Visitor: 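Structure in structure tokens, see below.
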Amino acid sequence: MHCSISGEVPEEPVFSKSSGLVYEKRLIHRHISDYGKCPITGEPLTLDDIIPLKTGQAVRPKTVQTASIPGMLGMFQNEWDGLMLSNYALEQQLHTARQELSHALYQHDAACRVIARLKKERDEARSLLAQTERQIPQLGAAASMENASTLSNGKRAAEDKDINPTGKKMRPGTSAEIITELTECNAALSQQRKKRQRPPTLASTTVLERYTQLSSHPLHKTSKPGILSIDIRYSKDIIATGGIDATTVLFDHPSGEILSTLSGHSKKVTSVKFVGDSEFILTGSADKTVRVWQGFEDGKYDCRHILKDHTAEVQAVTVHATNNYFVTASLDNTWCFYDLSSGECLTQVSDTLNSDASKSEGYTSASFHPDGLILGTGTSEAVVKIWDVKSQANVARFDGHDGAVTAISFSENGYFLATAAHDSVKLWDLRKLKNFRTWSLYDANTPTNSVEFDHSGYYVGVAGSDVRVYEVGNVKVEWNCIKTFPDLSGTGRATCLKFGPDAKYIAVGSMDRNLRIFGLPEDANESES
């Protein structure tokens, strides 16, 4: 007696009243609950049609395969063969899945590259469109001027109204409103200076003595290495560097990342300046131009103005304390006073009366006094000139240097002026208009490239074949050298330096492409605090 479904001897046999067939109870019950009919005849079948059979308990017979050792071995071999075939099928499926995954990853990578290229092309197209939109009004204005200046017979009218008798372009000059603005700024800053104390957060001399190189950042191209100018935006701790590779790099000091690279000049960038805490940056170049850059919230910078008033290399750019005006100095022996918002040159000054006609004298450095009514310039003929900004008159002249004056820096106290030239660094007392101290730091073949007071006026740094930091004294008290940093660039020329906020670090540029940061290591900072 065997189950009509499984063909095996049932443990709980039952039979159907309608067909008389025998089944395993659990199997026929499940089949009826699923299908409601007989699995053999296909006739309708219910649980009421199933009647249990009573049989004696009997031992279930063994299958033929398990009745002997050869049969069992054959059964095991069949099971092993089935397992191997199943394993092989799984391996084949795994190999196919891996191939499909590899192909999908390759397609994803290719799609990402295509998207990146399209985004780059889109950004370039947007930049070209923006430049075109800026140039269209200028071209339209230029065309209008040309048409207006053309006579009816086809000859161009002489633009005598823009040319003075000496053949130079006439400038609008500094109006009474501008002079009033400069004077009020001077009065406010002078009043604040009298109340100013040493900042409590300023790094002490003992801390400066422990400064060492913290990091080195390759910002400029290896093909044209060299950093010529540095400036720092203190509110955001962003460092700007101007390089021989004709680019200006904006570097975020806290994160150690490059924020942007400003390209546009065709020759080396000789001077770079932030305009206060605004989004404007000024760059001067050996290509005879000055560029005014404006930053936006997305981190990109746009060139708002290209100033072409000089006829020789622009060597220095300096910003007035109002942050509304700036001055550029050039080897063409002139300096220009500009309005920042319009980019217009208000005055172009040439000191022809006090210049030696036999010498090709040009300006190699420039800096505003902290109060804004005095401008200092250095020349290629080793002369330092002091100017009254309101009248553009040369009010003082300092001689004594040998070689071009490479840097000028006014102290925040308003009394001291530091100048660097090929031969030495000289300190001048502006109250008595005389030199009270000279540092001849290097040999005759090593120029002094930079001198810079920190923002508080308590320290001054010098860059040449090394970098030295001095504590500011006075006319009678000695100015002590606190720390000397060796030139780690291997070039033997540190070209520029700038103190960070509260002199917490010093940024140094050299004739390699690296910006170096000197300061106190973090573990020393923690122990100090």
Side-chain angles (χ1 to χ4, degrees), residues 164 166-169 171 226 228-229 242-244 246 265-273 282-291 306-319 326-338 345-369 374-389 392-410 417-426 428 447-452 463 493 495-496:
N164 62 21
T166 62
K168 295 183 179 180
K169 186 175 181 180
R171 307 294 182 182
L228 301 180
S229 180
I244 292 179
H265 287 293
S266 60
K267 294 184 179 180
K268 62 185 178 182
V269 177
T270 56
S271 183
V272 57
K273 290 291 180 183
L282 308 176
T283 57
S285 170
D287 63 7
K288 307 176 187 178
T289 68
V290 177
R291 288 178 178 252
I306 302 177
L307 312 177
K308 302 180 180 180
D309 298 286
H310 289 292
T311 59
E313 292 186 10
V314 177
Q315 292 287 296
V317 178
T318 179
V319 181
F326 64 94
V327 161
T328 62
S330 168
L331 289 178
D332 62 5
N333 197 26
T334 67
W335 58 267
C336 294
F337 185 83
Y338 287 94
C345 177
L346 302 178
T347 303
Q348 186 168 15
V349 180
S350 176
D351 187 24
T352 55
L353 296 177
N354 297 322
S355 299
D356 189 347
S358 63
K359 298 179 180 179
S360 58
E361 185 176 282
Y363 293 113
T364 53
S365 55
S367 179
F368 270 112
H369 186 275
I374 296 175
L375 174 70
T377 59
T379 73
S380 58
E381 295 300 323
V383 178
V384 178
K385 297 180 180 181
I386 306 298
W387 302 82
D388 179 6
V389 177
Q392 295 91 50
N394 183 199
V395 295
R397 174 189 175 105
F398 299 146
D399 297 297
H401 273 301
D402 181 15
V405 179
T406 54
I408 285 182
S409 181
F410 287 94
L417 169 66
T419 59
H422 190 284
D423 60 333
S424 62
V425 173
K426 290 184 179 291
W428 308 85
T448 308
N449 297 312
S450 179
V451 62
E452 184 79 23
R493 288 185 62 189
T495 54
C496 49

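Everything numeric here is computed off the predicted structure, so don't read it as measured data. For the numbers below, each heavy atom of this structure counts, side chains included, while hydrogens, waters and symmetry mates do not. The first residue in the sequence is number 1, and the count goes up from there.
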Visitor: Please tell me if the side chains of V269 and L228 come closer than 4.5 Å, counting only heavy atoms from C-beta onward.
Guide: no
Visitor: Using 0.5 Å steps for rounding, measure from the CD atom of E313 to the OG atom of S330.
Guide: 8.0 Å
Visitor: Quick check: does any side chain N or O of S409 sit under 3.5 Å from a backbone N or O of A418, one acting as donor and the other as acceptor?
Guide: no
Visitor: Testing V349, T347, V314, T328 for side chain to side chain contact (heavy atoms under 4.5 Å, CB included) with W335, which one passes?
Guide: V349
Visitor: Taking C-beta and beyond as the side chain, do R171 and D309 meet within less than 4.5 Å on heavy atoms?
Guide: yes
Visitor: Could you give the distance from SG (C345) to CG (L307), rounded to the nearest 0.5 Å?
Guide: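 C345 atom SG to L307 atom CG measures 8.5 Å (nearest 0.5 Å).
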Visitor: Could you report the tightest heavy-atom contact between A246 and S266, atom names first, then the distance?
Guide: CB-C, 4.1 Å
Visitor: So I374 and V395, do their side chains get closer than 4.5 Å, heavy atoms only?
Guide: no
Visitor: Is the closest side-chain heavy-atom distance between K426 and T419 below 4.5 Å?
Guide: yes
Visitor: Check for a donor-acceptor pair, side chain of D332 on one end and backbone N or O of T311 on the other, with a separation under 3.5 Å.
Guide: yes
Visitor: Under 3.5 Å, side chain of S350 to main-chain N/O of T334, donor-acceptor pair present?
Guide: no
Visitor: Any side-chain heavy atom of V317 sitting closer than 4.5 Å to one from T283?
Guide: no
Visitor: Can you tell me how far the CD1 atom of I244 sits from the NZ atom of K267, to the nearest 0.5 Å?
Guide: 13.5 Å
Visitor: What class does the angle between the rings of W428 and F398 fall in, given that below 30° is parallel, 30 to 60° is tilted and above 60° is perpendicular?
Guide: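 If you compare the ring of W428 with that of F398, the planes turn out parallel.
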Visitor: Could you state the interatomic distance from CG (L375) to CD1 (I386), rounded to the nearest 0.5 Å?
Guide: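 Atom-to-atom, L375:CG and I386:CD1 are 8.0 Å apart.
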Visitor: So, for T448 and V425, which heavy atoms are closest and what is the spacing to 0.1 Å?
Guide: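 Heavy-atom minimum between the residues: CG2-CG2, 3.5 Å.
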Visitor: Do you know the tightest heavy-atom contact between S450 and T406?
Guide: N-OG1, 4.4 Å
Visitor: Could you tell me whether the side chain of S229 and the main chain of V272 form a donor-acceptor pair under 3.5 Å?
Guide: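 Checked: pair present.
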Visitor: Just by distance, do the side chain of D287 and the backbone of H265 share a donor-acceptor pair under 3.5 Å?
Guide: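 Here the side-chain-to-backbone pair does not exist.
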Visitor: Measuring from atom CZ of R397 to atom OG1 of T379, what distance do you get when rounded to the nearest 0.5 angstrom?
Guide: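 Interatomic distance, R397 CZ to T379 OG1, rounded to 0.5 Å: 7.5 Å.
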Visitor: Start with the C-alpha distance between I408 and T318, add both sets of side-chain angles, then the distance that settles side chain to side chain contact (heavy atoms under 4.5 Å, CB included), and finish with yes or no.
Guide: CA-CA 11 Å; I408 285 182; T318 179; over 6 Å; no
Visitor: Starting at NE2 of H401, measure out to CG of D423 and round the result to the nearest 0.5 Å.
Guide: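 It comes to 6.0 Å.
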Visitor: Can you name the ring-ring contact (aromatic ring centres under 6.0 Å, His included) partners of H369, sequence neighbours left out?
Guide: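 If we apply the ring-ring contact (aromatic ring centres under 6.0 Å, His included) test to H369, skipping adjacent residues, the hits are F410.
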Visitor: Taking all non-hydrogen atoms of both residues into account, name the closest pair between N449 and A407 and its distance.
Guide: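 The pair with the smallest heavy-atom distance is O-CB, 4.0 Å.
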Visitor: Would one find more than 12 heavy atoms of other residues, nucleotides or ligands at under 6.0 Å from atom NZ of K288?
Guide: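 Not more than 12 within 6.0 Å, no.
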Visitor: For D402 and H422, work out which heavy atoms get closest and say how close.
Guide: O-CB, 3.3 Å
Visitor: Give me the atom names and distance for the closest heavy-atom approach of A366 to A329.
Guide: CB-CB, 3.8 Å
Visitor: Does the T364 side chain pair with the main chain of V405, one donor and one acceptor, at a distance under 3.5 Å?
Guide: yes
Visitor: Do the side chains of W387 and V327 get nearer than 4.5 Å, heavy atoms only?
Guide: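 With C-beta onward as the side chain, the pair stays apart.
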Visitor: Checking S367 side chain against G376 main chain: does a donor-acceptor pair fall under 3.5 Å?
Guide: no
Visitor: The criterion is side chain to side chain donor-acceptor pair (under 3.5 Å); which residues satisfy it with E452, sequence neighbours excluded?
Guide: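 With neighbours one apart ignored, the set is K498.
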Visitor: Step by step, would you call Y363 with N333 a side chain to side chain contact (heavy atoms under 4.5 Å, CB included)?
Guide: CA-CA 6 Å; Y363 293 113; N333 197 26; 3.7 Å; yes
